[in-house]
J.: 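Here it is, the structure in full.
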Amino acid sequence: MSKKFYITTPIYYVNDKPHIGHAYTTIAADVLARYHRQKGDDVFFLTGTDEHGAKVAESAQKAGLVPQEFCDQTSALFRDAFKNLNISNDYYIRTTDKRHQLTVQKFLQKVYDHGDIYEGVYEGLYCVGCEKFLTEKELVDGLCPDHKAAPQQVKEKNYFFKLKKYLPKVQELISEDIIKILPANKKNEVLGLFRQGLEDFSVSREKVTWGIPLPFDKKQNTYVWVDALQNYISAIGYGDDETAFTKWWPADVHLMAREIIKFHAIFWPALLLAAGLETPKIIYAHGFFSLDGKKMSKSLGNVIDPNELVKKFGVDATRYLLLTQFPFGQDGDIKESLFAEKYNADLANNLGNLVSRVLNMVEKYCAGQSDREVASPILLDGISQAIESLQFEQALKQVREALTSANLLIDQTKPWDLAKEPAKKKELDKLLAGLVSFLYDIATALLPFMPSTSEKIMGYLSSARIIKGEPLFKRIT
RNA sequence: CGCCGGGUAGAGCAGUGGCAGCUCGCGGGGCUCAUAAUCCCGAGGUCGGGGGUUCGAAUCCCCCCCCGGCAACCA
């Protein structure tokens with residue numbers, strides 16, 4: 001019986017265009033999804049877009065669109081970007097989907113009936129011009145930066161979730177790794193949040209018009225985070241398709257960037273407990289990019305569009321380059337100028353050229369005939385282990401090292417000399433068969449990372465008459 | 001004392017107790033199957049600073065300096 005594997009990315013807020021950070025998380029999730037499929041697991045891989053909230057409504061207005069149209073447009077940008085990156089998600093959820101909205105209402109009703117949502121008062125600084133609450137941080141000299149006006153202290157009726165009631169339980173689940181938070185330093189960070197103290201949080205907004213109405217008070221809309229988190233259960237049929245839901249839930253991995261870990265590690269499990277559901281197994285928070293030492297931000301104008309990378313390097317190289325910049329769990333700096341360098345060194349020279357030289361020799365010296373041997377468990381096991389612990393750069397490093405040693409082996413054994421002596425034909429055949437098998441293993445290992453390249457290599461090697469073919473990665477000059 | 005990262009060769013980064021490594025770049029050499037690719041040798045490091053633990057520290061502990069991020073609604 002095959003194991004089920006349910007993996008998610010965060011759903012991306014449509015207030016922004018897809019950038020390299022979105023691509024990074026989604027590619028990583030895709031690698032895991034493809035790896036598990038390759039292993040024979042039954043995989044459900046979810047990604048999508050988060051579309052409600054005041055900011056979206058505001059952006060829509062600026063764009064001269066009604067919110068739904070605006071969301072349709074931006075959500076499509078994400079969908080296209082992921083298609084470009086060869087992302088193999090099984091479902092693409094949008095929080096404006098009818099099915100999702102119904103789920104959110106069912107879920108909240110359940111929590112409400114359970115007595116864990118109560119009426120309270122939200123107090124904050126409200127800017128009439130923006131028609132929304134501002135945080136202290138957003139203010140400039142105590143004024144709204146857009147309207148140059150002092151915000152008013154305003155109270156509104158809100159519904160609150162009894163987070164505090166569930167904190168001890170959630171803390172226990174995290175401490176005991178029932179909810180496993182990775183990497184380990186992120187677990188410590190989350191446990192630190194418990195020590196600093198956490199308050200009940202508001203699950204609704206009275207003045208935000210673009211959202212899902214609360215089932216028990218239609219005048220209020222669901223707070224966007226509460227809405228968003230539930231994508232993980234609505235996508236697999238909570239309250240709608242019990243068979244599917246039972247099959248997939250709980251999630252095996254929620255993958256995300258580190259800035260949203262609190263919502264996933266604390267708020268989300270607490271809400272799930274209140275609704276009587278299981279908590280996710282692993283919450284993995286990866287690092288952030290900085291670009292040339294600067295924080296990636298729209299105002300600095302240093303945001304990289306993943307579509308541009310794909311145009312320049314191709315899909316597989318883009319996937320490879322993003323995952324090999326720095327260890328997955330940490331933050332790291334990247335320089336766009338180094339991409340081409342790494343592309344040439346690792347992909348064109350090391351991998352691409354090795355494939356070329358092997359294929360060419362088989363074509364020339366063996367009339368395109370070569371037998372393949374069985375896979376080498378040592379190489380593949382090491383790589384599997386690295387992938388399962390989400391050490392993608394480690395996995396790819398092992399591939400790189402293997403390629404280097406194969407290049408060395410060719411130089412040492414000099415097949416071109418063997419080819420000159422008919423007496424050594426057998427030795428030559430055996431050598432090349434070994435290399436062909438080796439490349440097949442490499443292609444197997446690379447399948448989750450670079451699916452098209454991997455298939456291309458396998459195709460070349462499996463052909464009845466092996467020929468040199470086209471270079472896998474052309475050098476960039 | 002707010003919390004969390006980071007500071008390792010010219011550049012970019014691995015490495016969490018046992019001779020300091022990888023990629024690029026640089027200098028020299030080899031090979032010719034291959035995408036001017038590949039392979040070998042070499043130069044280049046007080047592992048931010050100081051103190052401590054240890055037979056042994058980039059790695060563990062303490063103090064300090066510098067850089068970045070987070071600090072309740074930021075996807």
Side-chain angles (χ1 to χ4, degrees), chain A residues 9-16 21-22 25 49-50 53-55 122 124 133 135-138 163 183 185-186 188-193 195-203 205 223-226 228-229 231 256-264 266-267 287-288 290 293-295 324-327 329-335 337-338 340-342 344-365 391 393-394 397 400-401 403-419 428 432 435 468 470-477:
Chain A
T9 72
I11 46 174
Y12 303 109
Y13 205 48
V14 293
N15 201 37
D16 199 3
H22 302 119
T25 312
T49 46
D50 177 15
K55 280 195 180 169
Y122 181 87
F133 286 95
T135 59
E136 293 280 356
K137 206 169 68 178
E138 287 175 299
L163 178 68
N185 61 334
K186 299 294 192 305
N188 292 335
E189 207 171 319
V190 169
L191 289 173
L193 291 172
R195 287 192 295 273
Q196 283 177 27
L198 292 152
E199 298 299 322
D200 290 351
F201 64 89
S202 160
V203 298
R205 292 290 184 273
Y223 167 48
V224 65
W225 256 109
V226 173
L229 285 166
N231 88 86
M256 71 203 66
R258 61 171 166 71
E259 90 278 13
I260 54 177
I261 194 166
K262 184 170 71 182
F263 294 95
H264 286 82
I266 302 178
F267 293 4
F288 263 4
S290 60
K294 294 193 188 83
K295 187 181 174 176
T324 48
Q325 294 304 311
F326 48 83
Q330 300 176 22
D331 284 6
D333 189 53
I334 59 171
K335 286 188 165 54
S337 57
L338 293 179
E341 186 182 303
K342 206 162 173 49
N344 281 338
D346 293 356
L347 298 177
N349 297 351
N350 204 4
L351 173 61
N353 182 55
L354 175 65
V355 172
S356 285
R357 56 198 306 210
V358 171
L359 291 175
N360 185 55
M361 287 191 284
V362 174
E363 179 181 0
K364 255 191 196 163
Y365 303 153
Q391 293 178 300
E393 79 300 332
Q394 281 298 327
K397 190 180 172 191
R400 242 180 356 255
E401 283 167 353
L403 293 172
T404 298
S405 58
N407 270 317
L408 172 59
L409 177 76
I410 295 175
D411 272 43
Q412 287 171 338
T413 50
K414 304 190 199 315
W416 49 92
D417 282 349
L418 299 179
L428 176 63
L432 290 177
L435 286 165
K468 187 178 166 191
E470 288 296 305
L472 294 172
F473 299 96
K474 290 209 172 102
R475 278 180 62 84
I476 293 174
T477 46

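All chains are named by letter (A, B, ...) in the order of the sequence lines, taking the proteins before the strands, and each is independently numbered beginning at 1. Quick note: numbers below take in every heavy atom, side chains included, and nothing from hydrogens, waters or symmetry partners.
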J.: What distance do A:Y365 atom OH and A:L432 atom CG have between them, rounded to the nearest 0.5 Å?
T.: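 The distance works out to 8.5 Å.
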
J.: Taking atom C1' of B:rC39 as reference, at what distance in whole Å does atom CG of A:N407 sit?
T.: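 These atoms are roughly 8 Å apart.
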
J.: So which atom in A:N344 and which in A:R475 form the shortest heavy-atom distance, rounded to 0.1 Å?
T.: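 Taking A:N344 first and A:R475 second, the nearest heavy atoms are OD1-CA, 3.4 Å.
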
J.: How far apart are the closest heavy atoms of A:F473 and A:L347, and which atoms are they?
T.: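 Closest approach of A:F473 to A:L347: CD1-O, 3.6 Å.
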
J.: Does B:rG45 have a Watson-Crick or wobble partner in any strand here, with both distances under 3.5 angstrom, and which is it?
T.: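 Per the H-bond distance test, none.
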
J.: With rounding to whole Å, what would you report as the distance between B:rA75 and B:rC22 at their P atoms?
T.: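 Result for the P pair: 42 Å, nearest Å.
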
J.: Using the P atom on both, measure B:rG18 against B:rC60 and round to a whole Å.
T.: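 Going atom to atom, P in each nucleotide, I get 11 Å.
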
J.: So, for A:D411 and A:W416, which heavy atoms are closest and what is the spacing to 0.1 Å?
T.: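 Nearest pair, atom of A:D411 first, then A:W416: CA-CH2, 4.1 Å.
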
J.: With a 4.0 Å cut-off on heavy atoms, is A:L193 in touch with a base, just the backbone sugar-phosphate, or nothing at all?
T.: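 Result for A:L193 = nothing.
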
J.: So if I take every side-chain heavy atom of A:E199 and compare against B:rU35, B:rA72, B:rA75, which nucleotide ends up nearest?
T.: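 Nearest listed nucleotide: B:rA72.
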
J.: Assign each of A:S405 and A:Q325 to its nearest nucleotide of RNA chain B by heavy atoms, then name whichever residue's nucleotide is nearer the 5' end.
T.: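 Taking each residue's closest nucleotide, the earlier one in sequence belongs to A:Q325.
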
J.: Once you round it to whole Å, what is the distance between P of B:rC4 and CG of A:L191?
T.: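 From A:L191 CG to B:rC4 P: 12 Å.
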
J.: Could you tell me which nucleotide pairs with B:rC3 by Watson-Crick or G-U wobble geometry, both distances under 3.5 Å, or answer none if nothing does?
T.: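 By the stated definition (distances under 3.5 Å), B:rG69 pairs with B:rC3.
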
J.: CD1/A:I11 to CE/A:M256 distance, rounded to the nearest 0.5 angstrom?
T.: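 The CD1 atom of A:I11 sits 12.0 Å away from the CE atom of A:M256.
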
J.: Taking atom P of B:rC74 as reference, at what distance in whole Å does atom CE of A:M256 sit?
T.: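 In whole Å, B:rC74 P and A:M256 CE are 18 Å from each other.
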
J.: Picking from B:rA75, B:rG12, B:rA72, which would you name as closest to the side chain of A:K262?
T.: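 Of the options given, the side chain of A:K262 lies nearest B:rA72.
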
J.: Categorize A:P471 for me: base, sugar-phosphate, or nothing, with a 4.0 angstrom heavy-atom threshold over every strand shown.
T.: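 If one applies the 4.0 Å heavy-atom cut-off, A:P471 turns out to touch a base.
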
J.: For the residue pair A:T324 and A:K342, what are the closest heavy atoms and their distance?
T.: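 Distance-wise, the nearest heavy atoms are OG1-CE, 3.2 Å.
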
J.: Taking only N and O in the side chain of A:K55, is any of them less than 4.0 Å away from OP1 or OP2 of B:rC74?
T.: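 Yes, because at least one side-chain N or O of A:K55 sits under 4.0 Å from OP1 or OP2 of B:rC74.
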
J.: What nucleotide among B:rA37, B:rU35, B:rA14 has an atom nearest to a side-chain atom of A:N353?
T.: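 Of all the options, the side chain of A:N353 is nearest to B:rA37.
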
J.: Check the distance between B:rA75's C1' and A:I260's CD1 and give it to me in whole angstrom.
T.: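 Going from CD1 in A:I260 over to C1' in B:rA75 covers 5 Å.
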
J.: How would you label the contact of A:I11 with the nucleic acid (heavy atoms, under 4.0 Å): base, sugar-phosphate, or nothing?
T.: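 It contacts base atoms.
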
J.: To the nearest Å, give me how far apart CZ (A:R400) and C1' (B:rU23) are.
T.: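 The distance from CZ of A:R400 to C1' of B:rU23 comes to 7 Å, rounded to the nearest Å.
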
J.: Measure the distance from NZ on A:K468 to P on B:rU35 and round it to the nearest whole Å.
T.: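 It is 3 Å, rounded to the nearest whole Å.
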
J.: Find the distance A:K342:NZ to B:rC22:P and express it as a whole number of Å.
T.: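 In whole Å, B:rC22 P lies 14 Å from A:K342 NZ.
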
J.: Reckon A:R258 touches a base, only the sugar-phosphate, or nothing at all at heavy-atom distances under 4.0 Å?
T.: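 A:R258: backbone/sugar contact only, no base atoms under 4.0 Å.
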
J.: Mind listing the closest non-hydrogen atom pair of A:L198 and A:K262 along with its distance?
T.: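 Scanning both residues completely, I find the closest heavy atoms to be CD2-CD, 4.4 Å.
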
J.: Please determine, for the side chain of A:L408, which listed nucleotide (B:rU35, B:rC40, B:rA75) has the closest atom?
T.: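 Of the candidates, B:rC40 comes closest.
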
J.: At under 4.0 Å between heavy atoms, what does A:A228 touch on the DNA or RNA strands: base, sugar-phosphate, or nothing?
T.: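 It contacts base atoms.
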
J.: Under 4.0 Å between any heavy atoms, over every strand shown, what does A:L359 touch: base, sugar-phosphate, or nothing? Just pick one.
T.: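 Touches nothing.
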
J.: Walk me through it: do A:D346 and A:L403 pass the test side chain to side chain contact (heavy atoms under 4.5 Å, CB included)?
T.: CA-CA 9 Å; A:D346 293 356; A:L403 293 172; over 6 Å; no

J.: Give me the ring orientation class for A:W225 and A:H264: parallel if the planes are under 30° apart, tilted from 30 to 60°, perpendicular past 60°.
T.: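 Perpendicular: the ring planes of A:W225 and A:H264 meet at over 60°.
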
J.: Distance between the P atoms of B:rG21 and B:rG15, in whole angstroms?
T.: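 Looking at atom P only, B:rG21 and B:rG15 are 15 Å apart.
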
J.: Rounding to the closest angstrom, what is the interatomic distance between B:rU23 and B:rA14 at atom P?
T.: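 These two P atoms come out 15 Å apart once rounded.
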
J.: Give the nucleotide from the list B:rA75, B:rU35, B:rU23 with an atom nearest to the side chain of A:Y12.
T.: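 Shortest atom-to-atom distance from the side chain points to B:rA75.
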
J.: Could you tell me how far B:rC31 sits from B:rG25 if I compare only their P atoms? Round to whole Å.
T.: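 Each nucleotide's P atom is 22 Å from the other's.
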
J.: Can A:F263 be classed as stacking with the base of B:rA75, given a centroid separation cut-off of 5.5 Å and a plane angle cut-off of 30°?
T.: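 No, aromatic ring not over the base.
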
J.: Expressed in whole Å, how much space separates the P atoms belonging to B:rG48 and B:rG10?
T.: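 The answer is 13 Å between these two P atoms.
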
J.: When rounded to the nearest Å, what value does the distance between P atoms of B:rG44 and B:rA9 take?
T.: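 Result for the P pair: 14 Å, nearest Å.
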
J.: Quick check: on RNA chain B, is the nucleotide nearest A:D50 upstream (toward 5') of the one nearest A:T404, or the reverse? Name the residue that is more 5'.
T.: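 That would be A:T404.
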
J.: Could you run through nucleotides 26-33 of chain B and give me one letter per nucleotide, 5' to 3': B if any protein heavy atom sits under 4.0 Å from the base, S if only the sugar-phosphate is that close, - if neither?
T.: ----BSSB

J.: Is the side chain of A:D50 donor-acceptor paired with the backbone N or O of A:Y12 at a distance under 3.5 Å, no angle test?
T.: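 Checking the backbone N and O of A:Y12 against the side chain of A:D50, no donor-acceptor pair under 3.5 Å is found.
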
J.: Under 4.0 angstrom, heavy atoms only, what part of the nucleic acid is A:A348 near: base, sugar-phosphate, or nothing?
T.: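 It contacts base atoms.
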
J.: Using atom C1' in both nucleotides, what's the gap between B:rC66 and B:rG52 to the nearest angstrom?
T.: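 It comes out at 23 Å once rounded to the nearest Å.
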
J.: In whole angstroms, how far is the P atom of B:rA34 from the CG atom of A:L403?
T.: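 Rounded to whole Å, this separation is 19 Å.
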
